[in-house]
Peer 1: 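Below you will find the structure I want to go over with you.
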Number of protein chains: 2
Amino acid sequence: MVTIKEIAKRCNVSIATVSNIINGKPNVGRETREKVLKTIEELNYTPNYIAKNLKTRRSKTIGVVVEDITAFCAPDIVDGITKCCEEKGYHILLTNLRLYRKFGESYYENEKFFPMIQKEIKELIAKQVDGIVYVTTHERVLKCFPKELNVPAVMAYGYTRSPKYPSIVVDDRKGAAEVIRYLFSMGHRRIGIVSGPVRSLHTRERLLGVQDIFTEQGIPFEKKCVVEGDWRRGSGYRGTDSLLEQKVTAIFCMSDIMAGGVYDRLGELGLIPGKDISVAGFDDRELSTYYKPPLTTTALPLFEIGYTACEHAIRKIEGSDCGEVPEELLEIARSCSLTVRDSVKDIRIQ
Amino acid sequence: MVTIKEIAKRCNVSIATVSNIINGKPNVGRETREKVLKTIEELNYTPNYIAKNLKTRRSKTIGVVVEDITAFCAPDIVDGITKCCEEKGYHILLTNLRLYRKFGESYYENEKFFPMIQKEIKELIAKQVDGIVYVTTHERVLKCFPKELNVPAVMAYGYTRSPKYPSIVVDDRKGAAEVIRYLFSMGHRRIGIVSGPVRSLHTRERLLGVQDIFTEQGIPFEKKCVVEGDWRRGSGYRGTDSLLEQKVTAIFCMSDIMAGGVYDRLGELGLIPGKDISVAGFDDRELSTYYKPPLTTTALPLFEIGYTACEHAIRKIEGSDCGEVPEELLEIARSCSLTVRDSVKDIRIQ
DNA sequence: TTGTACGCGTTATCAA
DNA sequence: TTGATAACGCGTACAA
C-alpha cells in the first residue's frame, strides 16, 4: 500500500506539503502541486481513510441497523438512505439484525432481541460511526437506543417517542383517509375493513383516517364492519365472509397481502373483485399488480422515509447538536400515494 | 470518548497492560486483570476499532457492492452475506450502486457505469476493507474488478470469468432441467419455452438444461417452441399466442414475471392455467403464490450464494493468499429447488 | 512556500 | 508480570 510518505519522498517534499495539496489547501507552489498530483496519479495513491479518521475524529460513516433486510419495506428504505449518503459523501456500515429469520413471524412482539441491538449499536460506535439510522420493519415504538448514545440517531419507519431521537414515519392516517375518500367518490358507503392487529400503531392510525372521512361525510361508521387481521393472507381470507354478511360493497384491507386473502375467498365464492365487489389494499407491493384484477392500493413512502431519516442524521452530525429534538421534528410523517387500478367499481347512479 | 489511556491511568497500570487484558493475552496478574476489567465496565469503555485497525492493518470489514438493493434478488443475497459476516465477526461496508434507478431497466447492457464501479471500489479500498463481495442483479460476465486490486474479491450471482476472482452462481442448467423433468413426469411432451434474452447467460444455460432432458428422453426438441422474452411481463404476454399455435401442453417461463404475462394472455383467451394448459416459472418470487392458480416454479439459491461468496472472501482474507483461484473453484454453482404448486396438470393416461 | 514535530488510540516489541 | 516506547498513516500548528 502506497502512503503519503512515499509520495513525499518521491517528490522531495515533506508529507505536510502533500497533505496540503490533497486537501486543497492554499499556499502551495504551482510547480510542486503538479509534480505531487502527477506522482499520486502514477502510484495510484489513495489516502487511508482509517488514518485520516483517527486524526479528524470523523468517519463520514453512518451506521445503518436494519431489523431484517429481507422484509419488504427494508430495501427501499435502505435505498433512500444510500441515496442520501451518496449525495453527502457518507459511507454506510450495515448491520442486518435478521430478526425475522431468527425469531420468526412475530419477532416484533418479542423483546428478546433488545440486548442484541444494544450490542450491535455498541459495535457501530466502536467503529466510530458518526450517526445511526435504525430501520424497523414493523411500525412500532421501540426503545432501542441506549441512554448514553453519543452520536445522533434517527428511527426510520418506527417510532421512538423519545425527545432525543426523531422518527420518520408513514402518514398512516392520511393514507387510509385517502383510500376511503376514493371509495366514497366511487359511490361506496358500506365499506368493510380488514385491519391489522388492533394494538398496532398502523392499525390505529388508519382506523382514525377511515373515521375522518366518515365523519366528514356525516355518515356513521359501524364497528361491525371491521374485522381484525394479522397482516397475513389467511386473515384476509377468513375475514371476508363476515364482511359479506354486512352487505358491504367495498372492502378496504390494510395490507395488499390480506387483500390477496380476500381475493382468494372471493374467488371461491365466485365473486369477482372490481365487479361484484370492490377491494382496496395498502402498501402497493409489486405483487398487487399481478392480482386479477390488479389491486387499487396506496404506496408507502419508503424511499422518502429512508432518505429523510438519513438526512436528519447527517444534519445533526454536521450541526453537531446532539441535544433534544424540537417537538415539531420528533415525528415526521411522509405521505402515501394512491394508485388506482381495477379492483374498485364505480357504483354511482349515473 | 473514554480511551485505553484513561483506563490505564485510573488503574495505575500501563496502557500495554490494559491492551493485553483486553486482547486476552496471558502473562497478566489476576488481580490487575480484575481491576482493569472492572473499570472498563464502569467507564463503559469500548476499544476504538479505527485505531486498532490502523495498527493491525485489518479492518475486519467486507466491502459489499450491490448493483441495486431494490432488485428482487439483492436482499436475500445480502442476507446471506450478513449471516456469514455475523458468524465470522466481520462488519459490512455497503455500497448501493443504484444502477436500476440511475440507468433504468436495461442498465446491464450499459457500460456507462463502469467508471463508477471503479471509483466505488477504490473508496472501499481507501476505507481499508479486507475483502470485497460484488453482488450483481443480472447474471452476466462483469469485468469490474481493477487489475491491481490488493484484497480478495468475489462475485455473487454474476460471472467474472477471471482466474483471480471466483464467482458464486446459480446452477441454471440443472435448475431448468429439473423443471422440465417434472413437466415430463406429468406427461408433457410438447413444451413451449418463454426464454430470457438469448445473449443472457441465464437463458443459454437454462436452454441447455431443457435440451438435456429432451435428449435424455430421446425426444427431439423443436426450436420453434421457444419464444424469446426479456424477463418482463409483457414479453410473456406477447409470446403466448405463438406457443399456443404450436399446440404445446405446457409453457415453461424463465421468470415468474413472464409467467405472469402468460397468465394474463391465457386469461384473456379464457384458458385456465393448470387446467387447460400448464405453466411453470423460474425464481420462486413471493408474488407467484398469488397467481391463480399458484405457480409451480423453482427457487434461486440466493441466500446461499451470498453466504458462500462471503465465506470465500473471508477464507481468502484469512488465508491471505490473494493469488489465482484454482480452476475448480472459479465458478461455484448452487442448486435451485423446485416448488410444485397448482399450475401444472397431470396429463398422463391413467 | 515548505518542513518539523506532535498527536489521534491502538498494538507489538523489548527490556525491566 | 509489567512498562516504555516505537510504530500505523494522516492532519496540523508552528517554525523556518
Side-chain angles (χ1 to χ4, degrees), chain A residues 1-37 39-40 43-61 91 122-130 150-151, chain B residues 1-37 39-40 43-61 91 122-130 150-151:
Chain A
M1 208 67 228
V2 33
T3 73
I4 199 172
K5 227 181 262 175
E6 271 180 67
I7 304 290
K9 199 188 286 176
R10 291 235 187 187
C11 299
N12 288 316
V13 295
S14 76
I15 51 168
T17 304
V18 179
S19 175
N20 284 334
I21 291 169
I22 292 168
N23 298 295
K25 291 278 163 59
N27 302 332
V28 47
R30 200 175 52 80
E31 219 167 303
T32 25
R33 155 169 287 123
E34 276 168 13
K35 187 167 52 167
V36 168
L37 250 25
T39 42
I40 282 178
L43 299 191
N44 195 26
Y45 163 74
T46 342
N48 181 328
Y49 279 18
I50 294 283
K52 179 173 178 160
N53 299 341
L54 183 59
K55 183 67 195 165
T56 59
R57 351 247 315 103
R58 278 268 156 117
S59 65
K60 285 277 210 170
T61 302
H91 286 251
K122 213 172 167 189
E123 282 277 295
L124 254 16
I125 297 294
K127 278 254 177 178
Q128 310 301 115
V129 298
D130 293 333
N150 54 351
V151 298
Chain B
M1 208 68 228
V2 33
T3 73
I4 198 173
K5 226 182 264 177
E6 271 181 65
I7 305 291
K9 199 189 288 178
R10 292 235 184 187
C11 299
N12 288 318
V13 295
S14 75
I15 53 170
T17 304
V18 178
S19 175
N20 284 335
I21 291 169
I22 292 168
N23 297 295
K25 293 276 166 59
N27 300 331
V28 46
R30 201 176 51 79
E31 217 167 303
T32 25
R33 153 169 288 122
E34 276 167 12
K35 185 167 49 166
V36 168
L37 251 23
T39 42
I40 283 178
L43 300 191
N44 195 26
Y45 162 75
T46 342
N48 181 331
Y49 280 16
I50 295 281
K52 177 172 180 160
N53 299 341
L54 180 60
K55 184 67 194 165
T56 59
R57 344 237 331 95
R58 279 265 158 120
S59 64
K60 285 282 213 166
T61 302
H91 286 252
K122 216 173 164 187
E123 282 278 295
L124 254 16
I125 298 295
K127 277 254 177 177
Q128 310 302 113
V129 298
D130 293 334
N150 55 352
V151 299

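All values derive from a computational prediction rather than experimental measurement.
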Peer 1: Output the rounded distance in Å from CG (Asn53(B)) to C1' (dA7(D)).
Peer 2: 16 Å
Peer 1: Any side-chain heavy-atom pair from Ile4(A) and Ile22(A) closer than 4.5 angstrom?
Peer 2: yes
Peer 1: Can you tell me the distance, in whole Å, between the CG atom of Leu54(B) and the C1' atom of dC8(C)?
Peer 2: 9 Å
Peer 1: Check Lys127(B) with Glu123(B), please: is the shortest side-chain N to carboxylate O separation under 4.0 Å?
Peer 2: no
Peer 1: Applying side-chain hydrogen bond (donor to acceptor under 3.5 Å, both in side chains) to Lys35(B) and Asn12(B), what does each step give before you reach the verdict?
Peer 2: CA-CA 10 Å; Lys35(B) 185 167 49 166; Asn12(B) 288 318; over 6 Å; no
Peer 1: Would you confirm whether Ser59(B), through its side chain, and Gln128(B), through its main-chain N or O, come within 3.5 Å as a donor-acceptor pair?
Peer 2: yes
Peer 1: To the nearest 0.5 Å, what is the distance between CE on Met1(B) and CZ on Arg57(A)?
Peer 2: 9.5 Å
Peer 1: As an exercise, state the distance from NZ of Lys55(B) to NZ of Lys52(B), rounded to the nearest 0.5 Å.
Peer 2: 13.0 Å
Peer 1: Compare side-chain N and O positions of Thr32(A) against OP1 and OP2 of dT2(C) and report whether any pair is under 4.0 Å apart.
Peer 2: yes
Peer 1: dG9(D), OP1 or OP2 - any side-chain N/O from Arg57(B) closer than 4.0 Å?
Peer 2: yes
Peer 1: Toward the 5' end of DNA chain D, which comes first, Asn48(A) or Asn12(B), by nearest nucleotide?
Peer 2: Asn12(B)
Peer 1: Could you pick out which residue, Arg33(B) or Thr46(A), lies toward the 5' side of DNA chain D when each is mapped onto its nearest nucleotide?
Peer 2: Arg33(B)
Peer 1: Return no unless some side-chain N or O of Thr3(B) is found under 4.0 Å from OP1 or OP2 of dG9(C).
Peer 2: no
Peer 1: Ignoring backbone atoms, establish whether Thr17(A) has a side-chain N or O less than 4.0 Å from OP1 or OP2 of dT2(C).
Peer 2: no
Peer 1: Report, as a single string ordered 5' to 3', how protein heavy atoms within less than 4.0 Å touch nucleotides 11-16 of chain C: B base, S sugar-phosphate only, - not at all.
Peer 2: BB----
Peer 1: Between Lys9(A) (NZ) and dG9(D) (C1'), how many Å, whole number?
Peer 2: 14 Å
